[in-house]
Amino acid sequence: MDNLSDRLVTCFGLVFPNLPLDEIPSAAAGNISDWDSIAQINLLSVIGEEFGIGIDFEQFEGATSFPALLDRLREIKGRD
Amino acid sequence: MRLSEALRINQLSLAPDSRCKKVQLVCGFTPLHLGTFVEAYIRNRFPGERASIISGLFGDVEGNLKRASREEAQSAVVVMEWSDFDARLGLRSSAGCDSPILADILEHFPATISRLERGISELAGRMPTVVVAPTLPIPPLTHLPLAQSGSLELQLQYQMIGLLSKLCGIGGLKILNESMLASRSAFRDRRDVNLEFHAGFPYTTSHAAALAELCVECLYPPIPKKGLITDLDETLWKGILGEAGPSGVSWSVESRSQAHALYQQLLASLAESGILIAVATKNDAALVREAFARRDMLLKETQVFPIESGWGAKSDSVARILRAWNLSAEDVVMVDDSPMELAEVKAKYPAIEGFRFPHNDAAEAVNFLSMLRARFAKTDVHAEDRLRLESLRNAPSINQTQSSGDPLDFLAGLDAKLTLKFGTAANDNRAFELVNKTSQFNLNGQRYTESEWQAVRNVPGAFLLTANYEDRFGPLGKIAVVVGRCLRNKLYVDIWVMSCRAFSRHIEYHVLERLFEKFGVDCIEFAFRPTERNGPLQEFFTRFFPHGLTAERFELSANVFMALRPTLFHEVTEVSHG
């Protein structure tokens, strides 16, 4: 796992404290009951804070899994 | 505080039986991060306790107020934004902003204000409540240039100030200080439009954090310090008294020493509110008296006790002051211009909070004075606060008289009058303050928030007993509080405190005697806990338990009490709480 991925794991750990660390890379809204719309906003807000980016919710529309969020982050950070 | 930090704090594990602070968060928007931060700041303020934040429905602040009044929370925070008064004043509305609509907003505004006033008043009658006036600007709705204030905006703000002024007079209700919020959260950094459109939460995380921090400070203010020890040279005034003489020291704009005038003014104001002010100075006592005699001194000599002038170590002066006040170092702040003196005192009294007076920087001095005032801030000033200094001044003559003869003769000659009040009075703020500030004669050292204080007095069989005392040396005011329960012919005392100014007068025996008589019980159970500072209370009980108090709950029987209590001389009057 790279640095971006590690930091994203930390964000997931804060929003889903009951999720075992090794399950985070495969986490998706569909398989975590706590992952509702509020959790999604919390997650995006923590990601915004962690990576120092303003969150454009449209840009993260549909990004409801760890891999999808990691992809979006790589796109954004790649543009920096 | 960052959101990630707040989430970490809220996830810290706690003992299953840890106490929980239930707080209603009443607002018309999704509480989201504001709720998270309120919870985190409460948990920071009360380590080892959990916090439960209860919120209502989106877009229905009036309904949320009604529901909150019915909830079993201990306190409430009401956060209003302009859109709660009229949805057309929010960014999520696009109802138009032509003249008839603006006129309609103004027409309906007073009725909404009245409904919210009723709802908030009712809530504040049930639990301690903090009210936050709109923190976001009214969106631009008129044709005016942005730099210009318009009639609509001013009329809405005028009505809002009217609402806050009315609410301000309600007991148990506090209005959040917008200026203080502005100092922590700049206006331009408050709104998160993206989040507002997407999730109905209008604040940036930084604004939510600042707002939550201040709300928690307002709801649970820190326990104020009780005394301030000040130096004189380059602190209370500019200049060195021994060199410049009493007429050469200064505190004015003209002599470029205005910071010292503001400091004197602050100390005078603190003295008026019952804070003890003392002087510890390395100076000649006669010169100090001469300086205090200057008519332009803003802090009067009568407001200061004691004045310790001399050439010995500052820590020795501090020791004598603490003895005269009967306070411990942790209740006291010291201000001096010399870091060396502050360090010397700190070495002997680590608990004392010492501050260097910033005499060379006016801006820093003004900030320092604000910080200093906050250390002593309190919601109410009571009659007892004004009596405190006088009773301390009289203490040496009382002690002298007492030590020169038979203690019982002394007590018999005091012409003491004790007024006991029984009841469950709701708004006895002095009793609440006494419970939270008394350390030495304190049954268990437990401190209470306003909501916890309300709760302990609302349990079945609860009683509140307060005692006022006066003798030939003057009145002491309300000096003792007992809170307990009478259940199945047994009396339980959960809280018992008595001001240290009332020691050595046998008031505590009278209080117990009256409890046995009033409730006709054979024994009283005390919720005792030893603390670092409640030695005087433990010493009192050694009369009945010569081997000391070993259990955290113990019983005292009426027979033992009556057999061992001393002769009591007070004239006792009993009245009921209104």
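For clarity, every value in this text was computed on a predicted model and none was experimentally measured. Order of the sequence lines fixes the chain letters, A, B, ..., with proteins taken first and strands second; residue numbering starts at 1 for each chain.
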> Say you draw a straight line from CG of L14(A) to CG of L3(B); how long is it, rounded to the nearest 0.5 Å?
Replying inline: 8.5 Å

> Which region of I55(A), side chain (C-beta onward) or backbone (N, CA, C, O), has a non-hydrogen atom less than 4.5 Å from a non-hydrogen atom of chain B, or is it both or neither?
Replying inline: backbone

>> Would you say that more than 12 heavy atoms from the other residues, nucleotides or ligands in this model lie under 6.0 Å from the CE of M160(B), or not?
In response: yes

>> Heavy-atom cut-off 4.5 Å, strictly under: side chain, backbone, both or neither for T205(B) against chain A?
In response: side chain

>> With a 6.0 Å cut-off (strictly less than), is the heavy-atom count around CD of Q148(B), excluding the residue itself, greater than 12?
In response: yes

> Got more than 12 heavy atoms from elsewhere within 6.0 Å of CD, E122(B)?
Replying inline: no

> Quick one: CD on E49(A) to NE2 on H33(B), what's the gap to the nearest 0.5 Å?
Replying inline: 8.5 Å

> If only atom types and distance count, is the side chain of Q11(B) paired as donor or acceptor with the main-chain N or O of P17(A) below 3.5 Å?
Replying inline: no

> Any side-chain heavy-atom pair from I41(A) and F201(B) closer than 4.5 angstrom?
Replying inline: no

> Say you draw a straight line from OG of S45(A) to CZ of R2(B); how long is it, rounded to the nearest 0.5 Å?
Replying inline: 12.0 Å

> Is chain B contacted by the side chain of T10(A), its backbone, both, or neither, given a heavy-atom distance below 4.5 Å?
Replying inline: side chain

>> Please classify the contact between L32(B) and chain A as side chain, backbone, both or neither, with a heavy-atom cut-off of under 4.5 Å.
In response: side chain

